[in-house]
2 protein chains.
Amino acid sequence: MAKIGIKDIAAKAGVSIATVSHAFRNPGRVSEQTRRKVLAAADEVGYAPNRLARSLRTARSGCIVAIIPDVADNHNSGIIKAIEKTAHARGYSVLLGDTQGSPQREREFAAMARSGQADGIILMSHRMPFRIGEGQLDIDELPPLVNGCEFAGYDELPMVGIDDFTAAVDAANHLIDLGHKDIALVTGDMATTSSRRRLDGFSRAMADAGIEINDRLVVYGEYTLGGGEAAARSLLMEKQRPSAILCFSDEIALGCMAVLRERGFDVPGDISVIGFDNIPFARYVAPPLTTIAQPAADIGTTCAALLLDLIDGKRPDKMRHVMPHELLVRESTAPVFDGRRT
Amino acid sequence: MAKIGIKDIAAKAGVSIATVSHAFRNPGRVSEQTRRKVLAAADEVGYAPNRLARSLRTARSGCIVAIIPDVADNHNSGIIKAIEKTAHARGYSVLLGDTQGSPQREREFAAMARSGQADGIILMSHRMPFRIGEGQLDIDELPPLVNGCEFAGYDELPMVGIDDFTAAVDAANHLIDLGHKDIALVTGDMATTSSRRRLDGFSRAMADAGIEINDRLVVYGEYTLGGGEAAARSLLMEKQRPSAILCFSDEIALGCMAVLRERGFDVPGDISVIGFDNIPFARYVAPPLTTIAQPAADIGTTCAALLLDLIDGKRPDKMRHVMPHELLVRESTAPVFDGRRT
DNA sequence: TGTTGGATGTTAAACGTTTTACATTATCTC
DNA sequence: GAGATAATGTAAAACGTTTAACATCCAACA
């Protein structure tokens, strides 16, 4: 059986193909009677309109592409889940653009929007995947694009994320308020804007508290469990051990904590640990993790809504959507133990 | 600037559109000289071929859809990450079909393959999203489809997953070997084939060991942290408390462990816990989780490879791809403490 | 009775490619 | 130099829709 199309339905129902099309997309343009006739014919043979042909004609693919570093990261997956959900609710599908941090793949996925395969892009990266200016694309002829969690350097693009600077300040202050001075830092990939800003926030908080940052206690890592693990190992070998560790993600924090435990350190008795993100696991681990919560679902939803509006031609009323973060004090942080330096 | 197409490039390079097309898809069909001319023209204006038109003409979308219960589930996300990776390596994109268990959405996503939007389906569900037989689709006119982790009931479809029955036997035997008799069970959604088979495996192992299953100790839950949490709460209220809990996923297990800890139970001192999946976190939690490891990446890779072969017209040499599972004994399980019933 | 206009249906031109079949030219063989 | 063959290019027909423009019919209205 050759693939059946609108033509076959038209023949079967004894009408023109235009009528069939109308019966589907534009009831009201066709009498109730013919509409039913068409639908019946379609139903009988299990007709499914060809989406590609439709998209080609209408220049709308009905897809968006989510460019994201790693679907298997718990923070990422929470966001993409929300993206998918709100896209679906508005009739869009989402193409998964897992880049593993590769700029090459970021560009490949972004290109889908230029080839008609996607109507817009949610970009969770700090890199612009298009050449802007210099005889190439102009900034305002980009495909609809919203920047999530990271900042690609163009204020003309809507972006949504938390205030990383302040969030880091809050995290640091929490530790400082508990009396910690020897605070270690484990960052994510320092190419990301999120890590850079958090680092700035941390520095500011420390400066404001009059505490000097011990460079040997800041390790430039990556946003993974393994990153946290490696960081903790290196930290523990320092002569001057930290009394607290501020991690730029919960996965990092959990990686750290595993090493600390393995080495016999008590968290938070010996060392306090604070994370970032508030992934679902954070409150289930032992001890429950103190963290800076990010509203992952809201971020995803907002990204998607913004993008779909953009696709529909609605300019967003504001470009910077800063979502609220929140310090969640659980049990992985505690006042510094004065006698610890024994 | 109107969207530029092959026609514009043809004009710009002074050749026919056929030649432009050949220059891209079929070099060799065109002289090196003209090819360069075309490429130069295309490059100059940043031409990107319209994928939809191409797909329409060739009847190949270059997409597959991954129908999966929940991207934010750690086991799922590991699989889908591998799917994306291998699909990408073979020039395919993946559409994200997060269903949250809804049959409706499963059908919607599956329909993409009938509308030309996707060339094939990876179905991680036990439900067939098409009407088979009864005047409707025949089983062998389904779109290319491979069944991952669950079994939709058709032996004609390739499927890949572990041997859930044996895996559960192994898990149960581990506990039994440690001397446990009061073994609780926390299942996932019992509509899934994975949970049903694991339950069968558990029953078999218990029967073989001559241990009677205490019905009050089996709770029918769902594959989530919350599911584990709720299950543990209900379990702890039983008069006859379990000395071990077998959970059908690591997330369930971690949910359980959090409750146990909160209530002052030591794992594994008071109660042993074993999970399923070996999600990345499993070895990082306290205590590191004993679990039945599933090769998530291999499962994803195999699903994708199988599907792409199917799309290319290669019949798989075998239909059942059972991937190896492995009992990973870590520290959440221990011999039963005889004096515990005090 | 002629005019207007709404309701319903159809024709045909797009949308931007790929690909078959054919045309032209160049190269080779004898 | 004839004929065959290879190399290169092109015209035009698809692919399966949507949609603007037009046609027809009929009721309503003056």
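First the proteins, then the strands, lettered A, B, ... as listed; each starts at 1.
Remark: P of D:dA14 and CZ of B:Arg60 are 22 Å apart, rounded to the nearest angstrom. Taking atom CZ of B:Arg51 as the reference point, atom C1' of C:dT17 lies 11 Å away to the nearest angstrom. Atom pair B:His22:NE2 and C:dT20:C1' shows a separation of 9 Å (rounding to whole Å applied). Atom CG of B:Asn50 is separated from atom C1' of D:dG16 by 14 Å (rounded to the nearest Å). In this structure, B:Ile17 places its CD1 atom 12 Å from P of D:dA13, rounding to the nearest Å. Atoms CZ (A:Arg35) and C1' (C:dA7) sit 16 Å apart, rounded to a whole Å. Atom CG of B:Leu52 is separated from atom P of C:dT17 by 10 Å (rounded to the nearest Å). Atom-to-atom, NZ of A:Lys7 to P of C:dA12 comes out at 14 Å; the value is rounded to the nearest Å.
Where A:Thr19 and A:Leu56 each meet DNA chain D at their nearest nucleotide, the meeting point lying more 5' is that of A:Leu56. Toward the 5' end of DNA chain C, the nearer of the two residues A:Glu32 and B:Val20, judged by each one's closest nucleotide, is A:Glu32. Positionally, the nearest nucleotide of DNA chain D for B:Thr34 lies more toward the 5' end than for the other of B:Thr34 and A:Gly5.
A distance of 11.5 Å separates OG1 of A:Thr302 from CE of A:Met159, quoted to the nearest 0.5 Å.
B:Ser31 comes within 4.0 angstrom of sugar-phosphate atoms only, judged by non-hydrogen atoms across all strands, and of no base. Here B:Ser21 lies in heavy-atom contact (under 4.0 Å) with a base. Within 4.0 Å of B:Phe24, counting heavy atoms only, lies no atom of the nucleic acid at all. Residue contacts shown for B:Arg29 include a base, since a base heavy atom lies under 4.0 Å away.
Defined by atom type and a distance below 3.5 Å, a donor-acceptor pair is present between the side-chain atoms of A:Glu150 and A:Thr193. In this structure, a donor-acceptor pair under 3.5 Å is absent between the side chains of B:Thr99 and B:Ser102.
In terms of phosphate contacts, A:Tyr47 brings a side-chain nitrogen or oxygen within less than 4.0 Å of OP1 or OP2 of D:dT17.
Nearest to the side-chain atoms of A:Ile6 among the listed nucleotides D:dT17, C:dG9, C:dT18 stands D:dT17.
At most 12 non-hydrogen atoms from other residues, nucleotides or ligands lie less than 6.0 angstrom from CZ of A:Arg131.
Contact of B:Arg57 with C:dT18 (side chain to base): a donor-acceptor pair of N or O atoms is detected under 3.5 Å.
Looking at heavy atoms from C-beta onward, B:Ile64 lies in side-chain contact with B:Ile311 at the 4.5 angstrom threshold.
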